[in-house]
Amino acid sequence: MHQAPTLASRIQLPRRLVGRRPAVNREYTFEFEIGQTVILECTQEAARVIGRIQMVDCADEYWIEILDATCAPCRVLAHQLIATH
């Protein structure tokens, strides 16, 4: 009978069981911070950044929630947002 490993070693696991590690550039700076209030350019509505991901050779992708609305979070690109001061 197989025994569950107490500590998984990435070297000993089959490749299909080893998840890919995302390549992250720690020196990269995003245009908008999580929690920052922004304006959605197409509707001029205020929104809050709730997530973000850096895209390789492309614009950054952000997840925003529109303030004063009961809709699901939206995925937008950086050029679709306007910073508020």
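A distance of 11.0 Å separates OG1 of T37 from CD1 of I64, quoted to the nearest 0.5 Å. One finds the SG atom of C74 at 8.5 Å from the CD atom of E45 (value rounded to the nearest 0.5 Å). One finds the CG atom of L40 at 6.5 Å from the CG atom of L81 (value rounded to the nearest 0.5 Å). Atoms NE2 and CD, on H79 and E41 in that order, are 7.5 Å from each other to the nearest 0.5 Å.
Pairing each heavy atom of W63 with each of R75, the nearest pair is NE1-CG, 2.9 Å. Across Q36 and E33, no two heavy atoms sit closer than the pair OE1-N, 2.9 Å.
At most 12 non-hydrogen atoms from other residues, nucleotides or ligands lie less than 6.0 angstrom from CZ of R48.
Following chains of ILVMFWY side-chain contacts shorter than 4.5 Å, one can reach I66 starting from V38, so the two form part of one hydrophobic cluster. Taken together through direct or relayed side-chain contacts under 4.5 Å among Ile, Leu, Val, Met, Phe, Trp and Tyr, F30 and V49 form part of one hydrophobic cluster.
At distances below 3.5 Å, at least one donor-acceptor pair connects side-chain atoms of R52 with backbone N or O atoms of F32.
Residues Y62 and E31 have side chains in contact (heavy-atom distance under 4.5 Å, counting atoms from C-beta outward).
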